[in-house]
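One structure is given here, and the rest of the page talks about it.
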Amino acid sequence: VLFSDDANFNQGRIQYNHNGNSLAFYTNGNNERLRISSNGSVGINTTADTRQLEIYNSSHATAALKSDTQSSLFFSDDDTNIGQISYIHSGNYMYFRVNDAERLRITSVGEVQIPDNGKFVAGNGDDLEIFHDSVNTHISNSTGTLFINQYLDDGDIALRTDDGSGGFTDYIVLDGSEGSVNLYHYGSKKLETGQYGVTVIGSLAASNIDLEDNAKLLIGTGDDLQIF
């Protein structure tokens, strides 16, 4: 079927090729734009499509779903739309549904959200799990050693929690510049490890204190009392 004008009798056409049993659509002369192959696959700007739908552009192939409310791509079987990717224009967020339930959302500010009890897992046997159960947060490792590495030169690692006044403060600090481990009570340092032992700030209560031969227990700002 030819579509012509005064300048060109073959300006557009629809052509069925019996040799390959394909249907082709041409525009602007002899330029094939779309082909439906014998197996039902559709090629746009390509005559060598290998998938059910294939779009070709030499620099940047694109496809767009336009809506003022919601744009969606569905993955379905005979029963339901079991998978879905949707963009909600009112809130400018995108969500992903798997097994007919929302599993992940990307917000308008770039936050990545997963629902309660949704897990981040890593390893062939799901060896590392990170998740929130609506009450508590869990980090679980079931294989090997759990390493926390700080590669910044002289950088620290700090464990922080509630300071008793609605804020948060240090409880354990690994000091990369001093090589020390520091224990705090509500942000006030109480114990520090060092090259020659441990320094206690404040009082020390213990049921027993065992010292090796020639090891010293120093008491006083100027080590005024020494027990060894």
Side-chain angles (χ1 to χ4, degrees), residues 59-62 73 83-88 91-99 101-206 208-212 214-219 221-223:
S59 59
H60 184 194
T62 63
L73 181 63
Q84 177 183 344
I85 301 174
S86 289
Y87 190 90
I88 307 301
N92 286 317
Y93 66 87
M94 178 178 288
Y95 70 84
F96 298 77
R97 293 176 66 86
V98 178
N99 198 21
E102 182 176 338
R103 305 299 185 182
L104 184 144
R105 178 178 296 196
I106 303 175
T107 70
S108 60
V109 295
E111 295 176 344
V112 178
Q113 300 175 344
I114 59 175
D116 288 337
N117 295 306
K119 296 180 180 181
F120 167 81
V121 297
N124 292 334
D126 298 343
D127 306 306
L128 173 66
E129 293 185 347
I130 302 175
F131 68 98
H132 184 74
D133 65 7
S134 79
V135 177
N136 301 304
T137 299
H138 305 259
I139 302 175
S140 303
N141 179 60
S142 58
T143 302
T145 301
L146 179 62
F147 291 98
I148 300 176
N149 299 317
Q150 164 65 284
Y151 290 110
L152 176 66
D153 189 28
D154 292 338
D156 301 339
I157 293 177
L159 297 182
R160 315 180 84 187
T161 187
D162 178 55
D163 64 358
S165 301
F168 59 91
T169 188
D170 294 335
Y171 275 62
I172 301 175
V173 175
L174 313 183
D175 190 325
S177 62
E178 298 293 336
S180 62
V181 177
N182 303 287
L183 303 182
Y184 293 77
H185 180 265
Y186 283 147
S188 177
K189 186 189 292 188
K190 297 302 180 181
L191 185 145
E192 178 180 353
T193 64
Q195 181 178 0
Y196 300 107
V198 176
T199 299
V200 176
I201 299 94
S203 59
L204 174 64
N208 293 288
I209 298 178
D210 296 325
L211 300 178
E212 297 179 354
N214 296 311
K216 296 180 180 180
L217 177 62
L218 307 177
I219 302 174
T221 303
D223 299 340

- Query: More than 12 heavy atoms of other residues, nucleotides or ligands under 6.0 Å from CG of N124: is that the case?
  - Reply: no

- request: Name the orientation class of the two ring planes belonging to H138 and F131 (parallel below 30°, tilted from 30 to 60°, perpendicular beyond 60°).
  value: parallel

dist D127:CG -> S140:OG (nearest 0.5 Å) comes out at 11.5 Å

In this structure, CZ of F96 is separated from CD of E102 (nearest 0.5 Å) by 10.0 Å

Side-chain contact test, heavy atoms from C-beta onward, threshold under 4.5 Å: evaluate it for D156 versus Q150 and give yes or no. no

Here the gap from H185 atom NE2 to I201 atom CD1, rounded to the nearest 0.5 Å, amounts to 14.0 Å

Closest non-hydrogen atoms of T169 and Y186, given as atom of the first, atom of the second and distance, are CG2-C, 3.6 Å

CD1 of I88 to CE of M94, rounded to nearest 0.5 Å, is 10.0 Å

For atom CD1 of I139, decide whether the heavy atoms of other residues, nucleotides or ligands shown that lie under 6.0 angstrom number more than 12. no

For I106 and L104 the tightest heavy-atom approach is CG1-CD2, 3.9 Å

Checklist line | Y95 side chain to Q113 side chain, donor-acceptor N/O pair below 3.5 angstrom | finding: no

Between I172 and the options L159, L191, N182, I157, the side-chain contact (heavy atoms from CB on, under 4.5 Å) test singles out L159

Backbone N/O of D116 and side chain of S134: donor-acceptor pair under 3.5 Å:
no

query = Regarding R160 and the six-membered ring of F168, is the cationic atom NZ or CZ under 6.0 Å from the ring centre and inside 45° of its axis?
reply = no

All heavy atoms of I114 vs all of K119, minimum pair found to be CD1-N, 4.2 Å

Between D170 and A158 the two heavy atoms that sit nearest each other are OD1-CB, 4.0 Å

query = Side chain of Y171, backbone of D163: donor and acceptor closer than 3.5 Å?
reply = no

In short, K216 meets L211 closest at the heavy-atom pair C-CD1, 4.3 Å

Open item on the list: If you count heavy atoms of other groups shown closer than 6.0 angstrom to CD1 of I148, is the number above 12?
Closed with: no

Residues D126 and V121: closest non-hydrogen pair is OD1-CG2, 3.7 Å

